[in-house]
Protein chains: 2
Amino acid sequence: MTTSSSYHHGDLPAALRSASAELIAERGPTGFSLREVARRAGVSHAAPAHHFGTTTGLLTSVAAEGYQLLSNAFDEAVADIDDPITRLKAMGKAYVSVALSNPGHFGVMCNKELLDTDNPDFTEASGSSYTRLLEAIEVISAAHNPDLDIEAAAAMTWSSVHGLALLITSMPMVTQDGTEPTEAAAELIDRFADLMLYGYAAR
Amino acid sequence: MTTSSSYHHGDLPAALRSASAELIAERGPTGFSLREVARRAGVSHAAPAHHFGTTTGLLTSVAAEGYQLLSNAFDEAVADIDDPITRLKAMGKAYVSVALSNPGHFGVMCNKELLDTDNPDFTEASGSSYTRLLEAIEVISAAHNPDLDIEAAAAMTWSSVHGLALLITSMPMVTQDGTEPTEAAAELIDRFADLMLYGYAAR
DNA sequence: GATAGAAACTTTACAGTGTCAATTTGGGAG
DNA sequence: CTCCCAAATTGACACTGTAAAGTTTCTATC
């Protein structure tokens, strides 16, 4: 797990992923440039191709890393929680938190346009995140609503939380130190969750 | 409203918007190129700059046009409907329908990265779409749930419907003729709406 | 330990891009 | 008819992604 130094450069793939995330965080996915990333990593402009093929390959690798971070964050978030609904809310907060602390990864994770969605590393990492959500909803279904359409509920939840994360990241003054959402944002997440869980047409 | 022919080319701005939408529909926002658009419109590569400044300017104009289409679609969708909840569902279907029939516009509308979100035409068009959603939810709130947090509900609804549209557009065989969602998709929209309206934790 | 071979990286080259500045073209007002 | 201004073109620049060929460095085998 420590950086294997079997390459000339130490661990160039990791260095390139990291430089990419920084660059995207600074300039957005649009401002990304393969040559600028190579410059920041201190290698020639063609070096990335050797490890990732094309730009898409590199960005896909960044996205996969992001989904791994998300998966881990989900696991940590629910580790000490029993109540199914509290668990789901914690996952929502974890999602927003990951988006805030890893803006470079987040900026690329949901831009399927930029990614090779057939890449095995990517499908495995994103699938593993999604599976955790599915499981959380299955537990809620078992406890509260056996007739629930789990697939639809998961898709809707994912969309909502993603939209919420976009909303929060675009709100100024919503982060305290650039990593954790403020209490105001956390409260917003709770309100979203209640809306989603109990609906807004019901009395 | 008819094409004013006060330019050499007839109405180049409109022609460029149209060519842009086609190109984006073919190759996605990433495959977009100002020079290719100019080629398709039969003008030199620098002609677009004269009307839109930069690439961002052109894409912003396309996005604004898309939001106008959406606003109009909302209005038509609810024209003959009284029941507030049925109205909201109709708006959801209209959203998906617009996304399916205008993939070029849709591909750019929600990529804030590519747009000048301060452009007055854009803010007016997108604001007008969002206002229609807000109003629809206010009516539901008045009829069913006076305590509803309308802003949060609107944000969540927009996110969910957008996610649903992304889901449907990425599903093969879900469109019959490229413009209207199939019955299967329409049913999916209803299921989403019910989940959103009545929640999934409630019995 | 020398040496072949493979992997990591560089160099060079090419077609394409966005934007800018300097021109040319064309239609309408005086 | 002439002048003028908007519309559009031409040419240039720095930059991009990718491909091919060449160079360096590690590794494994004799």
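Chain identifiers are assigned alphabetically (A, B, ...) following the order of the sequence lines, protein sequences preceding nucleic acid strands; residue numbering begins at 1 within each chain.
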Is the phosphate of [N] approached by [X] (side-chain N or O, under 4.0 Å from OP1 or OP2)?
X       : N      : result
A:His50 : C:dA8  : yes
A:His45 : C:dT12 : no
A:Arg39 : D:dT16 : yes
A:Ser33 : D:dG17 : yes

Which residue in the set B:Trp158, B:Tyr95, B:Tyr67 passes ring pair (Phe, Tyr, Trp, His ring centres under 6.0 Å) when paired with B:Tyr130?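 Running ring pair (Phe, Tyr, Trp, His ring centres under 6.0 Å) over B:Trp158, B:Tyr95, B:Tyr67 with B:Tyr130 returns exactly one hit, B:Trp158.
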What is the distance from [atom1] of [X] to [atom2] of [N], rounded to the nearest Å?
X       : N      : atom1 : atom2 : result
A:Leu58 : D:dT18 : CG    : P     : 10 Å
A:Leu16 : D:dG17 : CG    : P     : 13 Å
A:His51 : C:dA6  : NE2   : C1'   : 14 Å

No-H, no-angle donor-acceptor pair, B:Arg35 side chain to C:dG16 base, under 3.5 Å: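 Per atom types, no contact qualifies.
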If you check the B:Ala46 side chain, which of C:dA13, C:dG18, C:dC20 turns out closest? C:dC20
When you measure from the side chain of A:Ser44, which nucleotide among C:dA21, C:dT10, D:dT18 comes out closest?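 Between C:dA21, C:dT10, D:dT18, the one nearest the side chain of A:Ser44 would be C:dT10.
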Ignoring hydrogens and angles, state whether a donor on the side chain of B:Ser160 or A:Ser159 is under 3.5 Å from an acceptor on the partner side chain.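 No.
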Check: A:Ile140 and A:Asn145 side chains under 4.5 Å, non-hydrogen atoms: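 Side-chain contact under 4.5 Å: no.
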Less than 4.0 Å between a side-chain N and a carboxylate O, is that true for A:Asp194 and A:Lys89? yes
